[in-house]
Amino acid sequence: MPDRLAVDIGGTFTDIVLENADRRVTTKVLTTHAEPAHGVMDGLAQVLDEAGTEPNAIGVVLHGTTLATNALIERRGAKTVLVTTEGHRDVIEMAFENRFEQYDVNIDRPQPLVPRSWRLTVPERVNAAGEVLTPLDPAAVTALVPRLLDEGIESVAVGFLHGYANPAHERLVRDILGVALPDLSITLASDVCPEIREFERFSTACANAYVKPVMSRYLADLRDRLNALGVVCPFLMMTSGGGLCSVETAREFPIRLVESGPAGGAILAAQIAAAMGLARVVSLDMGGTTAKICLIDDGEPLLSRSFEVDRSYRFKKGSGLPIRIPVVEMVEIGAGGGSLASVDRLGRIQVGPQSAGSEPGPACYGRGGTHATVTDADVVLDRLDPARFAGGSLHLDVDAARAVVETDVAEPWRRAEGSVGEAAEAIAEVVDENMAAAARAHAAEWGKEIGSRTLIAFGGAAPLHAANIADKLELEAVLVPPAAGVGSAVGFLAAPVSYEVVRSRYLRLSAFEPNVVDEVMTDMRAEAEAVVGPVAQGELAESRRAYMRYVGQGFEIGVDVDEGTADGLRQAFDTAYEQLYGRLIPGLDVEVLSWTLTLRAGRTGSVTSPSRPSGTSSGSALRTSSASRIARQDLSMGDRVVGPVAIVEDQTTTVVPQGFEARVDALGNVILRRAP
């Protein structure tokens, strides 16, 4: 069995996992934002050296990254123009024409990625049925070329009204500009998001165009570096929807990568839940910059086709840039190890969403950080082993951590008893409550209960905080899998090669036309096969969904389609609608707005480690003092640890607080429960 390499680039750390038939070797290195590929190659050199293997032994590279997301949030993308229908250049600025926070007169939306002066229009018009009302004049498109050259434009998004119904005009613009400016990056809205609702479609096209040159250069750079090292093998990218695609597809549609890292974590948690027979779990992926929370029922995470980047208002829905892509549904908040802690004017401790990142990072890293962070608080609380943090690659500076916690929090907190230790406890309590509140809100939004679930914790910081969060949410147990510190990268190893295609084709069930369904499914199947076929192995599985609603409603729900008949669709809709809202509306017709088809190959592997915990079940109780630490590799199957104690491993630490105990199961998972 050839070695497999998984790489996950986060906002603070880059995680590397190298696996073969006998063992799994992992490492964490700080993300090098100026040249992300540099950090990847450093981490790769470390795992190759530890594994004692050669680069040419690697048979597949699996990669996920937040680089596209960071480029959108930090506005570090390409100079981008939007070419659209005459009279409609302000669609991406008018947005939904609503107020996401009704009573705040000072709300601000994120500024559009494309400024008004770079939104160019041409005369053309197509109606909702795809019929041409005003033909596109090629001369009007050619007239744009001097402007693009003068402004130094790197990328163009082309989005016309009803382009999803008839993409001919968008394709003509691509052909004309492609001949005149062969180095120009071009994105068609009808390729990226062939769905109704022009704001979301144009926003997605602009976002793809904005990050396309950046991501294309990065992926080409990384592939060249890998090839030069001798890693010449399939190179697959993790997508936000939980599947793998080729680098070529990722370079064309990089917007599909915005949540690729967190999606790997959801796959990890889903496979663990399925393997252990856990029907209801909640995953917590807490890294250096953010925390991601995902609900998983019956071994499957929630899926969606909408996502928001750069929410500007307390992470409130509606305050960000909408992206229409297949995505694993989760809530993401600014709560990571690097999240900054401060005291506001009312004397309240605030944590996040701003982060120290990896440059300079928390003060305890000793790299120039000057503000208190969650990791600094954890160091003050003696939760981390200064000599073993990040596998020993960073020796934590305890004095620096205490100094910034005292300056940024303890002193301005103005408490008579406000010691550095109490300030650190308060920082940890605030960030834990932020995550617990986000989990409650996410569950309520989807009509699900959060209690009585098992919390699966991974990421560098999650096992440190998981027990306290579970206590707040009244969860049954906490499960920390092997290699939890690089959990999302481990999840990549089990991801399937897959691709989802969408089409908007309006259809009322009262006027059902089977030929329309057959035509759209055949078309989508062909597009998906073109992407999946060259990189997939074995038989392909197909799944279909219809996005349906009662006539007169403003939004639709996703419904799995097993039977493509009017009766079958109606029954599936009734089941899904009642499950979500608890009731049906009698006497109303149902309409389908969009269809999706996902083509999926078998999973590339398993999240289960090739190496098992050593020893046999002892069932021994290891009672320790509050200052004690135990190395995870010293624990065998069946061992029981009674808190308070810290279980230390190279990429994370699991805190077992007072009142909890931890056991090691047959798969090497550490499972925390309240002590009897």
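No hydrogens, no waters, no symmetry mates; every other heavy atom, side chains included, goes into these values.
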| Do H169 and V126 touch side chain to side chain, with heavy atoms closer than 4.5 Å? | yes
| query | T134 and E124: side-chain hydrogen bond (donor to acceptor under 3.5 Å, both in side chains), yes or no, with the steps? | reply | CA-CA 5 Å; T134 302; E124 71 84 40; over 6 Å; no
| R119 vs P112 side-chain heavy atoms within contact, under 4.5 Å | yes
| field | Gap separating the CD1 atom of I293 from the CD atom of E329, nearest 0.5 angstrom | value | 12.0 Å
| What's the spacing between R544 CZ and L599 CG if we round to 0.5 Å? | 10.5 Å
| Steps toward side chain to side chain contact (heavy atoms under 4.5 Å, CB included) verdict (T65, M237) | CA-CA 9 Å; T65 174; M237 295 298 300; 4.3 Å; yes
| said: I'd like to know if R525 pairs up with E527 as an ion pair, taking the criterion as any Lys NZ or Arg NE/NH1/NH2 lying under 4.0 Å from an Asp or Glu carboxylate oxygen. | reply: no
| said: When you measure from the side chain of T575 to the backbone of F573, do you find a donor-acceptor pair of N or O atoms at a distance under 3.5 Å? | reply: no
| For I323 against A207, the heavy-atom pair lying closest together | CD1-CB, 3.6 Å
| When the ring planes of Y581 and Y577 are compared, do they come out parallel, tilted or perpendicular, using 30° and 60° as the limits? | tilted
| message | Determine whether a donor-acceptor pair (N or O, by modelled atom type, separation under 3.5 Å) exists between the side chain of T14 and the backbone of V40. | response | no
| field | Side-chain heavy-atom pair I92, C206 within 4.5 angstrom cut-off | value | yes
| Does CD in Q553 sit with more than 12 non-hydrogen atoms of other residues, nucleotides or ligands closer than 6.0 Å? | yes
| said: Using side-chain heavy atoms (C-beta onward) and a distance below 4.5 Å, is L148 in contact with L120? | reply: yes
| query | Among side-chain atoms of T290 and E332, is any donor-acceptor pair under 3.5 angstrom? | reply | yes
| Does S203 reach the main-chain N or O of P322 with its side chain, forming a donor-acceptor pair under 3.5 Å? | yes
| field | Intermediate values then yes/no, side-chain hydrogen bond (donor to acceptor under 3.5 Å, both in side chains), T289 and T12 | value | CA-CA 6 Å; T289 306; T12 304; 3.1 Å; yes
| field | Y499 six-ring centre to R256 NZ/CZ under 6.0 Å and within 45° of normal | value | yes
| message | Has S155 got a side-chain atom pairing as donor or acceptor with A209's backbone, closer than 3.5 angstrom? | response | yes
| Passing candidate, side chain to side chain contact (heavy atoms under 4.5 Å, CB included) with I255, options T187, T239, L72 | L72
| field | Non-hydrogen atoms of S488 and D8 that approach each other most closely | value | CB-OD2, 3.4 Å
| query | Looking at E591 and R549, does any basic side-chain N land under 4.0 Å from a carboxylate oxygen? | reply | yes
| task | Sort and list the pairs that fulfil salt bridge (charged side-chain N to carboxylate O under 4.0 Å, His left out) and have at least one residue in residues 234-250, not counting sequence neighbours. | result | R223-E248
| field | CD/E542: more than 12 non-hydrogen atoms of other groups inside 6.0 Å | value | yes
| message | Applying salt bridge (charged side-chain N to carboxylate O under 4.0 Å, His left out) as the test, list every pair that has at least one member in residues 180-207; sequence neighbours left out. | response | E195-R305, E195-R324, R197-E556
| field | Residue pairs, two or more places apart or on separate chains, that pass ring-ring contact (aromatic ring centres under 6.0 Å, His included) and touch residues 245-267 | value | none
| said: Walk me through whether R116 and R89 qualify under side chain to side chain contact (heavy atoms under 4.5 Å, CB included). | reply: CA-CA 8 Å; R116 196 168 194 266; R89 68 173 178 169; 2.4 Å; yes
| said: Treating T31 as the side-chain partner and G11 as the backbone partner, does any N or O pair qualify as donor plus acceptor under 3.5 Å? | reply: no
| Are V559 and L569 close enough that some pair of their side-chain heavy atoms sits under 4.5 Å apart? | no
| said: Working to the nearest 0.5 angstrom, can you tell me the gap between T596 OG1 and Y547 OH? | reply: 4.5 Å
| message | Could you work out, with salt bridge (charged side-chain N to carboxylate O under 4.0 Å, His left out) as the rule, every residue matching K292, not counting sequence neighbours? | response | none
| request: Taking the six-membered ring for Trp and the single ring otherwise, decide whether the centroids of H88 and F199 are under 6.0 Å apart. | output: no
| task | Go through V61 and L236 one step at a time and tell me if the side chain to side chain contact (heavy atoms under 4.5 Å, CB included) criterion holds. | result | CA-CA 6 Å; V61 176; L236 303 178; over 6 Å; no
| Check: V7 and F492 side chains under 4.5 Å, non-hydrogen atoms | no
| request: Give the C-alpha distance, both sets of side-chain angles, the deciding distance and a yes or no for side-chain hydrogen bond (donor to acceptor under 3.5 Å, both in side chains) between S594 and S504. | output: CA-CA 4 Å; S594 298; S504 281; 2.8 Å; yes
| remark: dist E252:CD -> S216:OG (nearest 0.5 Å) comes out at 9.0 Å
| said: Whether the side chain of Y210 engages the backbone of R75 through a donor-acceptor N/O pair (distance < 3.5 Å, no angle test) should be reported. | reply: yes
| task | Return the minimal non-hydrogen interatomic distance between D285 and P262, and the atom names on each side. | result | OD2-CA, 4.3 Å
| request: Find out whether T121 and V83 are in side-chain contact, i.e. whether some heavy atom of one side chain is under 4.5 Å from a heavy atom of the other. | output: no
| query | Are D574 and R570 within salt-bridge range, i.e. N to O under 4.0 Å? | reply | yes
| query | Between D90 (side chain) and E93 (backbone), is there a donor-acceptor pair under 3.5 Å? | reply | no
| request: Look at E35 together with R225 and state whether they make a salt bridge at an N to O cut-off of under 4.0 Å. | output: yes
| said: I'd like to check N166 versus V132 (side-chain heavy atoms, cut-off strictly below 4.5 Å). Are they in contact? | reply: yes
| message | Return the CZ to OG1 distance between F160 and T85, rounded to the nearest 0.5 Å. | response | 5.5 Å
| task | Search all heavy atoms of G64 against all heavy atoms of M238 and return the closest pair with its distance. | result | CA-CB, 4.1 Å
| query | In Å and rounded to the nearest 0.5 Å, what is the OG to CG distance from S543 to D562? | reply | 10.0 Å
| query | Would a distance-only check, ignoring hydrogens and angles, find a side-chain to backbone donor-acceptor pair under 3.5 Å from E154 to K79? | reply | yes
| query | Can you list the steps and then say if M548 with L593 is a side chain to side chain contact (heavy atoms under 4.5 Å, CB included)? | reply | CA-CA 6 Å; M548 308 169 68; L593 276 71; over 6 Å; no
| query | Regarding S246 and T249, is there a side-chain donor-to-acceptor distance under 3.5 Å anywhere? | reply | yes
Can you give each donor-acceptor pair under 3.5 Å made by side-chain atoms of residues 507-517, sequence neighbours left out, with the distance rounded to 0.1 Å?
{"unit_1": "R508", "atom_1": "NE", "unit_2": "Y506", "atom_2": "OH", "d": "3.0"}
{"unit_1": "S510", "atom_1": "OG", "unit_2": "D589", "atom_2": "OD2", "d": "2.5"}

| said: Any side-chain to backbone donor/acceptor pair from E500 onto P326? Under 3.5 Å, distance only. | reply: no
| query | Under 3.5 Å, is there a donor-acceptor pair between the side chain of S304 and the main chain of S306? | reply | yes
| Sequence neighbours excluded, which residues qualify as salt bridge (charged side-chain N to carboxylate O under 4.0 Å, His left out) partners of R171? | none
